[in-house]
Amino acid sequence: MNDRLDSARARPAAVFLVLLLGVDLLLIAADVLVHVVRRRQVPVWQVSWDGGYGEFLQYVKYVWVIALLVGVAALRRAWSVLIWVPLFAYLLVDDRYQLHERLGAHLAQVWGLPDTLGLRAVDLGELLVMAAVSLAGVLLLLVGMVASTSATRRALVDVLLLLGVMAFFAVVVDMAHILFLTSPAEPLVGVLEDGGEMLALTLVVAYLYSLGVGGRPTAAWDRLVRLLGRHSPGGHPPSPSGTR
């Protein structure tokens, strides 16, 4: 009976995930078709363009993540998940106003950073900014872990793993993209970078939605986090239900 109830609760989260992934993949496919295959310039279909459909969808997803974090915290009395709110709020503002690019350029100028390893001084500045943001995220996580139940700790770490996937595309693939700026493969690498970020953020939204709707991740989420490097015992975890 409980398994049937868990399955019924997991269904809306699964449908939501499929719908979001479908929209992401359509936008990525449109970008590839227009800019990689046909080599045309139609900015609104570029997933990396600030005024494009893909970027606007990212803004919406960041707002959803913040709202879902607040909702999960209130519904499950898992207040520690709120530690991720400032980080996602920063990522939203950064996406909209290109904070790390501006701060990176400022640091490159003030500190006189060199061009090295195929990267420009401004790229090194951006890496320093992203490193500082990552450190702040880790510190927030440590604070949240101390004040959490074991179930809430698991949710915090799951979100961290998904943030790690986002960071891979935002940092590693972004730096690789710079090396391909003069290559015919540049448009494809650009789609890989921003499309990967879109898909990773969709996973964050769907994961938090699954916590809010079903109270705990489904077996699919267990398999996902194991693929991302976390080996957890079999079965479903209990829902985040409070803090110490």
Side-chain angles (χ1 to χ4, degrees), residues 6 8-27 47 50-100 133-134 136-137 139-141 143-145 147-149 151-167 169-170 194 196-218 220-221 224-225 237-243:
D6 288 339
R9 286 176 172 175
R11 208 166 292 137
V15 172
F16 188 49
L17 173 61
V18 170
L19 289 174
L20 275 181
L21 287 176
V23 174
D24 285 344
L25 292 173
L26 281 174
L27 289 171
V47 294
D50 286 341
Y53 301 131
E55 191 72 12
F56 181 77
L57 179 60
Q58 288 293 87
Y59 302 155
V60 172
K61 285 190 283 189
Y62 277 123
V63 173
W64 284 348
V65 166
I66 293 169
L68 286 167
L69 284 168
V70 174
V72 169
L75 289 171
R76 306 295 167 188
R77 299 191 180 279
W79 304 111
S80 296
V81 300
L82 293 177
I83 61 108
W84 288 129
V85 169
L87 182 60
F88 280 103
Y90 166 81
L91 292 174
L92 170 60
V93 175
D94 181 82
D95 245 20
R96 177 62 183 87
Y97 297 104
Q98 301 179 324
L99 291 186
H100 75 273
V133 172
S134 299
L139 292 176
L140 286 173
L141 175 65
V143 171
M145 296 281 273
S148 300
T149 63
T152 305
R153 287 192 200 104
R154 173 166 184 169
L156 290 172
V157 174
D158 286 349
V159 174
L160 177 66
L161 288 170
L162 294 173
L163 277 168
V165 177
M166 285 183 62
F169 289 102
D194 293 286
E197 286 186 59
M198 288 176 66
L199 295 171
L201 186 55
T202 284
L203 292 178
V204 177
V205 173
Y207 177 83
L208 293 173
Y209 184 75
S210 76
L211 287 181
V213 171
R216 59 190 182 181
T218 64
W221 286 115
L224 174 63
V225 296
S239 63
S241 56
T243 56

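The figures here come from the full heavy-atom set of this structure, side chains too, leaving out hydrogens, waters and symmetry mates. Just so it is clear, the model here is predicted, and its values are computed rather than measured. For reference, positions follow the sequence shown, starting with 1.
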Q: List in chain and number order the residues that pass side chain to side chain contact (heavy atoms under 4.5 Å, CB included) with V143, two or more places apart in sequence or in another chain; answer none if no residue qualifies.
A: none

Q: State which residues pass side chain to side chain contact (heavy atoms under 4.5 Å, CB included) with L160; sequence neighbours excluded, sorted by chain then number.
A: W84, L141

Q) Restricting to pairs with a member in residues 79-91, which pass salt bridge (Lys or Arg N to Asp or Glu O under 4.0 Å), not counting sequence neighbours? A) none

Q) Taking C-beta and beyond as the side chain, do L161 and V165 meet within less than 4.5 Å on heavy atoms? A) no

Q | G144 backbone acceptor or donor facing S148 side chain under 3.5 Å | A | yes

Q: Using salt bridge (charged side-chain N to carboxylate O under 4.0 Å, His left out) as the criterion, list what pairs up with D24, not counting sequence neighbours.
A: K61

(Q) Rounded at 0.5 Å granularity, tell me how far OH in Y62 sits from CD in Q58. (A) 6.0 Å

(Q) When you compare the side chain of M145 with that of V157, does any pair of heavy atoms fall below 4.5 Å? (A) yes

Q | Heavy-atom side-chain contact between L199 and L25 under 4.5 Å | A | yes

Q: May I have the step-by-step check of side-chain contact (heavy atoms from CB on, under 4.5 Å) for L17 and Y209, ending in yes or no?
A: CA-CA 9 Å; L17 173 61; Y209 184 75; over 6 Å; no

Q) L99: what forms a side chain to side chain contact (heavy atoms under 4.5 Å, CB included) with it, not counting sequence neighbours? A) Y90, V93, D94, Y97

Q. What is the distance from atom CZ of R154 to atom OG1 of T149, rounded to the nearest 0.5 Å?
A. 12.5 Å

Q | For Y53, all residues meeting ring pair (Phe, Tyr, Trp, His ring centres under 6.0 Å), sequence neighbours excluded | A | W45

Q: Determine whether the side chains of Y207 and D158 contain a donor N or O and an acceptor N or O closer than 3.5 Å.
A: yes

Q | Distance-only polar pair, side chains of Q98 and D50, donor-acceptor under 3.5 Å | A | yes

